[in-house]
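Letters A, B, ... are given to chains in the order of the sequence lines, protein chains preceding strands, and every chain is numbered from 1.
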Amino acid sequence: MNNGQIAEIFESIAGLLEMRGDKVFTIRAYQKAARTIERLPTELDHMVREEQNLQEIPGIGKAISEKITEMVNTENLVYYDKLKAEFPEGILDVMQVPGLGPKTVGRLWKELDVTSISDLEKAIENGSLAALPRLGQKTADNILRQLQFQRTKGQRMPMAKAMPIAQRVMEAIREKCPEVRNLTIAGSVRRMEETVGDIDMLCTADDPKAVLDSLVAMPNVVDVIGHGDTKASVYLSDGIQIDLRVVEGTHFGALLQYFSGNLQHNIQLRDRANDLGLSLNEYGLTNKETAELEVFADEEGVYQRLGMQYIPPELRQGVWEVQAARENRIPTLVEISDIRGDLHDHTDWSDGRDPMETMILSTKERGLEYLAITDHSVGRGIANGLSIERLENHKKLVKELELSIGGIKLFTGTEMDIRADGSLDYSDDVLEELDWVVASVHSAMGQDAETMTDRIIKAMHNPHVDVIGHLTTRLVGERQPIEADFEAIFKAAAETGTALEINASPERMDLKDSHVYRARELGVPLVISTDAHTTEGLDNTRYGVGIARRGWCEAKHILNTLALDEFLEFLELDKSERTEAFARFTA
DNA sequence: GCCGTTTTCGGCCCGACTGTTTTCAGTCG
């Protein structure tokens, strides 16, 4: 059972307990556990098997840790089964409808016998819902609207789609309200989550109402969810919700902190504020005795006042970071400017759009010191993969361009298929002549976990395979990752000295954050690569850096932050020496 | 149900918005 499934069960337990009218703090404890587990970088399944103490996780005590252990060991939870049995089958579906919480669902069930979505629709149609005290026609209309929305809109949107939409909306607001200041993306987009449920933005303005009105009046707004004095929420035809919050300028630091989340992180900060006799909200810190409000121009001030290090947005996951910040254990995370080279990209020799020379010039313009040209291997017929002969000419051109362009070190290379049986697309004597070999799975992605794990580990044992490309092959929101024993793969990577790629293409984001976290712990050399197929693709480094930061990576954990001379030294080494040497290089 | 550099018992995050209300409950993030 994975963390997502366990978190979902605790979330359901909280909902059912609330419907039953249990103590509010019991309910909150389950909600808190669910939200923490959702963001936990380590798989609980793995922790239980290794007999690690679950109670070290914040918000997990005796009762919940026992339930986790039961779920991992038996794929079932008796307590949950019994609890569910007290309620009709479809009640959890009804609770999923936005705007309907446990209280209302409980009433609908007891008073109108609503136990499914279709019951709910009937109760709205025949007017019985609107006739209940404290509900009404408007509430009924809103629920119906949400039901219709649920059918048309998908789930969370991949970051790759959300970021450009966010930028377009910001431009539109600036155009309509030139006086707007500090307009900033916050929320999950700022935290660089791989998918986002909505896009949060904030700004300061002398006339908040004008800014909110301009958002609500945008032509691609299909629904206004809320429109108050300081906050508005709209739904766009692009299929995503935008939340905009406006305050006076003096409050900007606290507002940005508040609106960047995540929720559990903010709760931990407010707990901390309470301990100090303060109360934290989006306007600042209030002294509970004197009722005096302290405001902050930037976020750093908020964290400092709470007696902790500044926490970068990517780490604000509400799990370990607040405790770490209080103990001065927040690392200096890797930044885009630390990246010295790109080690995976394509040209029009295989399935890239741009000529090799263009890609090299574009990389050089971005200030990088080295670049590996890694077009596809022969087996990728559909991607115009290179035959041995074409590969020879490809290498020749790389060498020529290195001389003629100058000022950037070029590596000959390939992105080579790992075939279904774990054999490789080029023979050892061909690979030996290449500077940099990326090996990737592109076929037979549906293999069972054992076969897939063996396949990848077999490729890692080849002395010429420098790095495994986009390990899980997932496409965010579109294609599921492969099934494999990732723990075993990470350990094999460290043992064989094979690097793992953080593929920065926003459609992939592969490795993902929790994988990065674990691979880093095991000392695996990590590479942030763009896998660019166009010159624009070279800009995607920021997504890869975002994932690395979410995995608590410093520059020293990323191989391509090495300066050229160090990277050349690394390449000279036998693979068996690389893991240890990498740790030494970057100590 | 969880938690403690004041606490093993007695606390537990905070505010905006909506729809229904003459003062607030429910939901959301």
Side-chain angles (χ1 to χ4, degrees), chain A residues 10 13-15 17-19 22-36 54-68 79 95-108 129-143 145-146 186-188 191 196-200 202 208 212 224-234 241 243-247 251 254-255 257-286 288 306-307 316 318 322-323 326-327:
Chain A
F10 285 134
I13 288 173
L17 291 179
E18 192 164 1
M19 214 176 339
D22 276 43
K23 282 208 296 282
V24 67
F25 291 108
T26 310
I27 295 159
R28 270 197 214 156
Y30 279 109
Q31 283 172 334
K32 180 180 178 183
R35 287 193 295 255
T36 303
L54 302 178
Q55 294 188 45
E56 281 173 14
I57 302 166
I60 309 282
K62 185 165 178 293
I64 291 184
S65 80
E66 282 171 1
K67 290 186 173 69
I68 293 169
Y79 171 84
M95 214 150 29
Q96 293 303 314
V97 179
L100 280 185
K103 288 271 158 51
T104 312
V105 172
R107 283 189 64 198
L108 293 177
L129 187 146
L132 286 181
R134 291 206 67 85
L135 294 173
Q137 193 54 49
K138 266 197 166 171
T139 306
D141 291 345
N142 280 338
I143 296 169
R145 212 171 38 136
Q146 288 297 344
S188 47
R191 296 195 307 273
V196 306
D198 57 22
I199 297 173
D200 297 310
L202 64 140
L212 295 172
V224 178
I225 299 155
H227 186 186
D229 293 335
T230 69
K231 183 178 160 184
S233 299
V234 299
Q241 180 176 330
D243 291 347
L244 177 64
R245 188 76 189 267
V246 194
V247 290
H251 298 120
L255 179 68
Q257 194 292 310
Y258 159 82
F259 222 24
S260 294
N262 71 8
L263 179 61
Q264 200 57 41
H265 175 85
N266 285 356
I267 289 174
Q268 288 192 23
L269 287 194
R270 288 175 211 144
D271 278 339
R272 171 66 185 154
N274 266 340
D275 291 344
L276 297 172
L278 303 167
S279 172
L280 174 64
N281 63 20
E282 58 263 55
Y283 301 105
L285 278 162
T286 307
K288 286 202 269 193
L306 293 173
R316 299 181 196 169
V322 171
Q323 190 62 35
R326 289 188 59 191
E327 295 166 0

List the atom pairs, donor and acceptor, that lie under 3.5 Å between side-chain atoms in residues 23-32 of chain A and the rest of the protein, sequence neighbours left out.
from	atom 1	to	atom 2	distance (Å)
A:Tyr30	OH	A:Lys67	NZ	3.2

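Within 6.0 Å of the CG atom in A:Asp229, the count of heavy atoms belonging to other residues, nucleotides or ligands does not exceed 12. Within 6.0 Å of atom NZ in A:Lys288, more than 12 heavy atoms from other residues, nucleotides or ligands are found, so the atom counts as buried in its surroundings.
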Residue pair A:Asn262, A:Arg316: steps toward the side chain to side chain contact (heavy atoms under 4.5 Å, CB included) verdict: CA-CA 6 Å; A:Asn262 71 8; A:Arg316 299 181 196 169; 5.7 Å; no

Determine, stepwise, if the pair A:Leu135 / A:Thr104 fulfils side chain to side chain contact (heavy atoms under 4.5 Å, CB included). CA-CA 9 Å; A:Leu135 294 173; A:Thr104 312; 4.2 Å; yes

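With distances taken from any side-chain atom of A:Asn142 to the nucleotides B:dG19, B:dG1, B:dA16, the minimum falls on B:dG19. Among B:dC2, B:dC12, B:dA16, the nucleotide with an atom closest to any side-chain atom of A:Ile64 is B:dC2. Listed nucleotides B:dC2, B:dT20, B:dA16 differ in distance to A:Thr139; the shortest reach to its side chain belongs to B:dT20.
Taking the P atom of each, B:dT23 and B:dG15 are spaced 23 Å apart, rounded to whole Å. Between B:dG10 and B:dA16, the distance separating the two P atoms is 33 Å to the nearest Å. Rounded to the nearest Å, the gap between the C1' atom of B:dC2 and that of B:dT7 is 14 Å. Spacing between B:dT20 and B:dT27 at atom P, rounded to whole Å, works out to 14 Å. Between B:dC17 and B:dC9, the two P atoms lie 43 Å apart (nearest whole Å). Comparing the same atom, P, in B:dT5 and in B:dG1 gives a spacing of 23 Å after rounding to whole Å.
Scanning all heavy atoms of the two residues, the minimum distance from A:Asn281 to A:Ala254 falls at O-CB, 3.9 Å.
For the OP1/OP2 pair of B:dC14 and a distance below 4.0 Å, the side-chain nitrogens and oxygens of A:Ser279 include at least one atom meeting the criterion. Using a 4.0 Å cut-off, no side-chain N or O of A:Tyr79 falls inside it from OP1 or OP2 of B:dG1.
Summary of the strand contacts: A:Pro133 and A:Gly228 both lie near DNA chain B, and taking for each the nucleotide with the nearest heavy atom, the more 5' one is attributed to A:Gly228. Of the residues near DNA chain B, A:Asn274 and A:Leu135, the one whose nearest nucleotide (by heavy atom distance) lies more toward the 5' end is A:Asn274.
The residue A:Leu269 sits apart from the nucleic acid: no heavy atom pair falls under 4.0 Å. Contacts of A:Gln137 with the nucleic acid, taken as non-hydrogen atoms under 4.0 Å apart, involve only primed sugar atoms and P, OP1 or OP2. A:Ser233 comes within 4.0 angstrom of nothing in the nucleic acid, heavy atoms only. Nucleic acid contact for A:Asn266: none, since no nucleic acid atom lies under 4.0 Å from a heavy atom of the residue.
With its glycosidic angle more than 90° from 0, B:dT5 adopts the anti conformation.
One atom, CD of A:Glu56, and another, P of B:dC2, lie 15 Å apart when rounded to the nearest Å. The interatomic distance linking A:Leu244 (CG) with B:dA16 (C1') rounds to 14 Å, in whole Å. Look at CG on A:Leu212: it is 12 Å from C1' on B:dA16, rounded to the nearest Å. Between A:Leu255 atom CG and B:dG15 atom C1' there is a gap of 12 Å when expressed in whole angstrom units. In this structure, A:Gln31 atom CD and B:dG1 atom C1' are separated by 12 Å, rounded to whole Å. Counting to the nearest Å, the C1' atom of B:dG19 and the NE2 atom of A:His227 are 18 Å from each other. Rounded to whole Å, the distance from CD on A:Glu66 to C1' on B:dG1 is 12 Å. A:Arg272 has its CZ atom 16 Å from the C1' atom of B:dC12, to the nearest Å.
Put simply, the side chain of A:Gln137 never gets that close to the backbone of A:Ala130: no donor and acceptor are under 3.5 Å apart. At distances below 3.5 Å, not a single donor-acceptor pair connects side-chain atoms of A:Asp243 with backbone N or O atoms of A:Asp200. Within the 3.5 Å criterion, the main-chain N or O of A:Gly307 finds no donor-acceptor partner in the side chain of A:Arg326. Here the side chain of A:Asn274 pairs no donor or acceptor atom with the backbone of A:Gly277 at under 3.5 angstrom. Side-chain atoms of A:Arg272 come within 3.5 Å of backbone N or O of A:Leu306 as a donor-acceptor pair.
Per the stacking criterion (ring centres < 5.5 Å, plane angle < 30°), A:Phe25 stacks onto the base of B:dC12.
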At under 4.0 Å between heavy atoms, how does the protein contact nucleotides 23-29 of chain B? Give one character per nucleotide, 5' to 3', with B, S or -. -BSSSSB

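A distance of 10.5 Å separates CG of A:Asp271 from CG of A:Leu280, quoted to the nearest 0.5 Å.
In a base pair of the Watson-Crick type (N1 to N3 plus N6-O4 or O6-N4) or a G-U wobble (N1-O2 and O6-N3), with each distance short of 3.5 Å, B:dT8 is matched with no nucleotide.
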Please tabulate the protein-to-nucleotide N/O contacts below 3.5 Å involving nucleotides 3-10 of chain B, giving atom names and distances.
from	atom 1	to	atom 2	distance (Å)
B:dC3	OP1	A:Gly59	N	2.7

